[in-house]
2 protein chains.
Amino acid sequence: MQLHPAVLMFIAHRHAEGRILDALHAAGFDLTLSQARLAARIGPDGTRATELAEQAQLTKQSAGSLVEALEVGGYVERVPDPSDARARLVRLAEHGKRAQQVARREERAIVREWEAHLGARRFADLVESLGRLREIVDPYQ
Amino acid sequence: MQLHPAVLMFIAHRHAEGRILDALHAAGFDLTLSQARLAARIGPDGTRATELAEQAQLTKQSAGSLVEALEVGGYVERVPDPSDARARLVRLAEHGKRAQQVARREERAIVREWEAHLGARRFADLVESLGRLREIVDPYQ
DNA sequence: CCATTATAGTCAGGGAAGCTTACCAAGCAA
DNA sequence: TTGCTTGGTAAGCTTCCCTGACTATAATGG
């Protein structure tokens with residue numbers, strides 16, 4: 001069966017995502033997949049919930065409830081946005097930063113494996129092609 | 001921000017999947033995303049619900065309830081499996097085959113767009129790399 | 001042939017995700 | 001000031017997908 005390239009991407013992405021979530025669980029971080037996906041979009045200086053919602057293609061209510069769950073779990077904290085009294089910035093708390101380190105480590109391991117399997121040249125080419133594809137496929141550029 | 005290759009794949013896949021689902025909706029097929037994903041795995045001669053569950057990485061209960069929804073919608077029919085009295089084969093019904101045609105058409109349009117953007121050579125290379133990656137990333141070969 | 005185990009599937013119940021509709025409060029612009 | 005936009009919350013619902021328990025058929029090993 002000849003699979004569509006998008007399905008091949010889905011398979012690889014699902015594998016990587018599963019690996020990262022497993023690593024987080026193994027390290028004792030009890031994040032759900034949706035929580036982890038949202039948390040991954042939080043910028044170093046904090047991000048507004050509305051912005052997280054847009055990027056993740058969720059309603060702000062959905063994003064809001066995920067942020068709340070992350071806050072209860074100690075992964076993030078919400079602080080007032082100095083530039084807009086209506087808004088609050090969602091920032092990684094210490095617990096969240098430790099989880100991020102675990103995730104980053106697993107991400108790097110995955111990259112090494114893919115690179116070893118494909119060869120450095122072909123892997124670099126793959127990344128380059130995916131980056132170019134993003135131009136026509138990602139509404140957030 | 002330098003995104004992980006798996007995230008780039010996620011973005012492209014989400015785009016393609018959204019396009020296909022939108023095309024189905026525009027053509028009057030009221031499938032949910034999960035239903036469509038499962039239906040996409042049904043083979044030309046029918047597939048057992050348990051097998052669909054395995055491939056989609058769902059429990060058989062979850063797959064079963066999606067199949068039931070697809071049956072209610074007229075997309076699939078369940079027929080006895082001649083080779084095993086416990087099992088039933090899930091097959092695309094006429095309505096499902098028409099939906100499949102819409103999905104296939106959109107899939108081909110996406111391939112053409114990606115190929116046009118990347119160039120035939122680079123696109124072929126991308127597909128080749130994704131296929132090789134599948135060897136280490138797909139538990140179903 | 002019978003006892004055991006594996007496989008295909010269902011039923012019941014529940015939690016998480018994410019939607020719609022409706023709302024409030026702060027900023028912004030006429 | 002009036003009204004529009006924007007950041008966020010509240011309530012209620014559907015869909016998805018899980019666990020646990022169960023039935024029925026199939027396959028296997030004495």
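Chain identifiers are assigned alphabetically (A, B, ...) following the order of the sequence lines, protein sequences preceding nucleic acid strands; residue numbering begins at 1 within each chain.
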Would you tell me if any nitrogen or oxygen in the side chain of A/Thr59 comes within less than 4.0 Å of OP1 or OP2 on C/dG18? no
Figure out the CG/P separation between B/Asp30 and C/dC19, and round it to whole Å. 18 Å
If we ignore hydrogens and angles and just use 3.5 Å, is the side chain of A/His117 paired with the main-chain N or O of B/Arg132 as donor and acceptor? yes
A/Ala53 and A/Ala63: which non-hydrogen atoms are nearest, and at how many Å? CB-CB, 3.6 Å
Just the table, please: protein N/O against nucleotides 12-16 of chain D N/O, every pair under 3.5 Å.
| from | atom 1 | to | atom 2 | distance (Å) |
| --- | --- | --- | --- | --- |
| D/dC16 | OP1 | B/Thr32 | OG1 | 2.3 |

What one should report as the nearest heavy-atom pair of B/Trp114 and B/Ala12 is CZ2-O, 3.9 Å
Short question: side chain of A/Ser62, backbone of A/Leu58 - any donor-acceptor pair under 3.5 Å? no
Could you state the CG-P distance from A/Leu70 to C/dG18, rounded to the nearest angstrom? 12 Å
Separation of A/Leu38 atom CG from D/dG8 atom C1', in whole Å? 15 Å
Would you mind reading off the distance between A/Arg14 atom CZ and D/dC17 atom P, rounded to a whole angstrom? 11 Å
Salt bridge present between B/Arg19 and B/Glu113 (N-O < 4.0 angstrom): yes
Between B/Asp81 and the options B/Arg88, B/Arg48, B/Arg86, the salt bridge (charged side-chain N to carboxylate O under 4.0 Å, His left out) test singles out B/Arg48
Would you tabulate the pairs of protein nitrogen or oxygen atoms and nucleotide nitrogen or oxygen atoms of nucleotides 8-10 of chain C closer than 3.5 angstrom?
| from | atom 1 | to | atom 2 | distance (Å) |
| --- | --- | --- | --- | --- |
| C/dA8 | OP1 | B/Arg48 | NH1 | 3.1 |
| C/dG9 | OP1 | B/Arg88 | N | 2.9 |
| C/dG9 | OP1 | B/Arg88 | O | 2.9 |
| C/dG9 | OP2 | B/Thr50 | N | 2.9 |
| C/dG9 | OP2 | B/Thr50 | OG1 | 2.5 |
| C/dG9 | N7 | B/Lys60 | NZ | 2.4 |
| C/dG9 | O6 | B/Lys60 | NZ | 2.9 |
| C/dT10 | OP1 | B/Arg78 | NH1 | 3.1 |
| C/dT10 | OP1 | B/Arg88 | NH2 | 2.8 |

For A/Leu31 and C/dA16, give me the distance from atom CG to atom P, rounded to whole Å. 13 Å
Ignoring hydrogens and geometry, is there a side-chain-to-backbone donor-acceptor pair from B/His95 to B/Val76 under 3.5 Å? no
Whole-Å gap separating C1' (C/dA17) and CG (A/Leu21): 15 Å
When clusters are formed by joining ILVMFWY residues with side-chain heavy atoms under 4.5 Å apart, either directly or through shared neighbours, do A/Leu66 and A/Leu89 land in the same one? no
Determine all donor-acceptor pairs shorter than 3.5 Å in which one atom belongs to a side chain in residues 23-41 of chain A; sequence neighbours excluded.
| from | atom 1 | to | atom 2 | distance (Å) |
| --- | --- | --- | --- | --- |
| A/His25 | NE2 | A/Leu31 | O | 2.8 |
| A/Asp30 | OD1 | A/Tyr75 | OH | 3.0 |
| A/Thr32 | OG1 | A/Gln35 | N | 3.2 |
| A/Gln35 | OE1 | A/Thr32 | N | 3.3 |
| A/Arg37 | NE | A/Glu17 | OE2 | 2.6 |
| A/Arg37 | NH2 | A/Glu17 | OE1 | 2.9 |
| A/Arg37 | NH2 | A/Glu17 | OE2 | 3.2 |
| A/Arg41 | NH1 | A/Gln55 | O | 3.4 |

When A/Arg37 and B/Glu68 are each assigned the nearest nucleotide of DNA chain C, the 5'-most assignment goes to B/Glu68
